[in-house]
Amino acid sequence: MANKAKIKDIIEEMEMQNDGYRSFVNIRTGEVISVSEDDLIDAEDEKPINNLYDWQIENLEIANEIVENFEDYKELPTKYEINEYQIIEDFCLTIPNEKIQRILLRTIGGKGAFRRFKDTIKDFEIEMDWYKYRDKRYKELAIAWCQNNEVEYID
């Protein structure tokens, strides 16, 4: 019997993704892990572990586990697949005050959109509404991902 992945862990990993890293769920243990693409390449190339620091050995062992047992892992969506900009735009459209909605939609265009958006939601004192909406959307994405990938989960 496989252990279930925790939705909370999946959401945290989805929120914290970085370029150069890939995130996985071990479908047998439910563990959520992140590993560098370089470590995965080294594992595929069977790079020897001598002359490495302890932390490098540990990272390479994790990558080796993924490469050797790839059928036990499902890769989480990348930050590009999640598209936080779309989540922000969708949030803006939920604002009932049309004037505020127009201002928010204007702030999310062009370079610096995320910073302007955060400043504007603070100015309008709707920051908590944003985070509540964002949390809900990430949870929906995590659950949908689990269902689409046949990953058992607990809330």
Side-chain angles (χ1 to χ4, degrees), residues 1-41 43 55-56 58-63 65-67 69-155:
M1 179 78 181
N3 288 325
K4 296 179 180 182
K6 295 177 184 167
I7 286 295
K8 176 182 79 67
D9 293 345
I10 292 172
I11 293 168
E12 284 176 10
E13 193 62 42
M14 288 169 54
E15 291 176 330
M16 300 199 33
Q17 291 186 33
N18 294 309
D19 289 332
Y21 281 81
R22 294 169 60 189
S23 302
F24 299 88
V25 173
N26 182 317
I27 57 174
R28 295 193 322 136
T29 67
E31 182 182 17
V32 179
I33 58 171
S34 178
V35 64
S36 78
E37 292 173 354
D38 290 339
D39 287 336
L40 286 170
I41 290 168
W55 64 268
Q56 291 172 308
E58 185 179 326
N59 290 346
L60 193 53
E61 286 173 349
I62 293 168
E65 164 63 21
I66 293 170
V67 168
N69 300 294
F70 197 72
E71 67 281 355
D72 292 340
Y73 292 88
K74 297 283 184 170
E75 187 168 4
L76 288 173
T78 67
K79 65 182 181 179
Y80 303 106
E81 293 168 312
I82 293 169
N83 191 357
E84 188 153 350
Y85 179 85
Q86 184 63 56
I87 295 171
I88 289 172
E89 185 176 36
D90 292 346
F91 170 75
C92 293
L93 295 171
T94 68
I95 303 300
N97 182 310
E98 289 182 26
K99 181 180 177 186
I100 295 173
Q101 184 183 99
R102 273 194 314 275
I103 291 168
L104 285 171
L105 288 169
R106 245 191 334 265
T107 66
I108 63 171
K111 188 173 178 160
F114 288 94
R115 169 66 15 223
R116 284 193 310 276
F117 173 74
K118 290 196 177 197
D119 291 343
T120 305
I121 62 173
K122 282 181 184 176
D123 292 343
F124 286 117
E125 298 179 352
I126 56 173
E127 192 174 14
M128 294 308 294
D129 296 333
W130 157 244
Y131 287 112
K132 184 177 176 183
Y133 181 84
R134 183 180 181 275
D135 290 348
K136 178 179 175 254
R137 285 290 297 272
Y138 266 91
K139 185 173 184 176
E140 290 169 354
L141 289 168
I143 290 171
W145 178 86
C146 286
Q147 292 170 343
N148 291 337
N149 288 278
E150 299 177 1
V151 173
E152 293 187 50
Y153 64 91
I154 54 174
D155 196 350

Side-chain heavy-atom pair [X], [Y] within 4.5 angstrom cut-off:
{"X": "S23", "Y": "Q17", "result": "yes"}
{"X": "V35", "Y": "Y21", "result": "no"}
{"X": "V32", "Y": "L76", "result": "yes"}
{"X": "E13", "Y": "S34", "result": "yes"}
{"X": "K79", "Y": "D19", "result": "yes"}
{"X": "L141", "Y": "I82", "result": "yes"}
{"X": "Q147", "Y": "Y153", "result": "yes"}
{"X": "I7", "Y": "I154", "result": "no"}

To the nearest 0.5 Å, what is the distance between [atom1] on [X] and [atom2] on [Y]?
{"X": "T94", "Y": "D129", "atom1": "OG1", "atom2": "CG", "result": "8.0 Å"}
{"X": "N83", "Y": "T78", "atom1": "CG", "atom2": "OG1", "result": "10.0 Å"}
{"X": "I33", "Y": "D9", "atom1": "CD1", "atom2": "CG", "result": "12.0 Å"}
{"X": "M128", "Y": "I121", "atom1": "CE", "atom2": "CD1", "result": "10.0 Å"}
{"X": "I62", "Y": "D39", "atom1": "CD1", "atom2": "CG", "result": "8.5 Å"}
{"X": "Y131", "Y": "I126", "atom1": "OH", "atom2": "CD1", "result": "11.5 Å"}

| query | With E71, which residues qualify under side-chain contact (heavy atoms from CB on, under 4.5 Å), at least two apart? | reply |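 Here the qualifying residues are N69.
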| task | Applying side-chain contact (heavy atoms from CB on, under 4.5 Å), name anything that partners K74, two or more places apart in sequence or on another chain. | result |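 K74: side-chain contact (heavy atoms from CB on, under 4.5 Å) contacts with I27, W145, N149, V151.
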| request: Output, in order, the C-alpha distance, side-chain angles, deciding distance and verdict of side-chain contact (heavy atoms from CB on, under 4.5 Å) for S36 and N59. | output: CA-CA 8 Å; S36 78; N59 290 346; over 6 Å; no
Counting only heavy atoms not in [X] (residues, nucleotides, ligands), do more than 12 fall under 6.0 Å from its [atom1]?
{"X": "E58", "atom1": "CD", "value": "no"}
{"X": "E140", "atom1": "CD", "value": "yes"}
{"X": "E150", "atom1": "CD", "value": "no"}

| Residue pairs involving residues 107-124 (criterion salt bridge (charged side-chain N to carboxylate O under 4.0 Å, His left out); sequence neighbours excluded) |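 Listed once each, the pairs are R115-D119.
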| query | With the threshold set at 4.0 Å, does a side-chain nitrogen-carboxylate oxygen contact exist between E37 and R22? | reply |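 No.
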| request: Answer yes when K139 and D155 have at least one side-chain N-carboxylate O distance shorter than 4.0 Å, and no when they do not. | output: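 A salt bridge is present here (some side-chain N lies under 4.0 Å from a carboxylate O).
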| message | Applying salt bridge (Lys or Arg N to Asp or Glu O under 4.0 Å), can you list everything that pairs with E84, at least two apart in sequence or on another chain? | response |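 Salt bridge (Lys or Arg N to Asp or Glu O under 4.0 Å) check on E84 returns R134.
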| Within residues 73-116 or reaching into it, pairs that qualify as ring pair (Phe, Tyr, Trp, His ring centres under 6.0 Å) - sequence neighbours excluded |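 Those involving residues 73-116 are F91-W130, F91-Y133.
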What pairs of donor and acceptor atoms, side-chain ones from residues 100-108 against any protein atom, are under 3.5 angstrom apart with sequence neighbours left out?
| residue | atom | partner | partner atom | Å |
| --- | --- | --- | --- | --- |
| Q101 | NE2 | L93 | O | 3.2 |
| Q101 | NE2 | I95 | O | 3.0 |
| T107 | OG1 | L104 | O | 2.7 |

| Hey, does the side chain of E61 reach the backbone of Q56 with a donor-acceptor pair shorter than 3.5 angstrom? |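 Such a contact is absent between E61 side chain and Q56 backbone.
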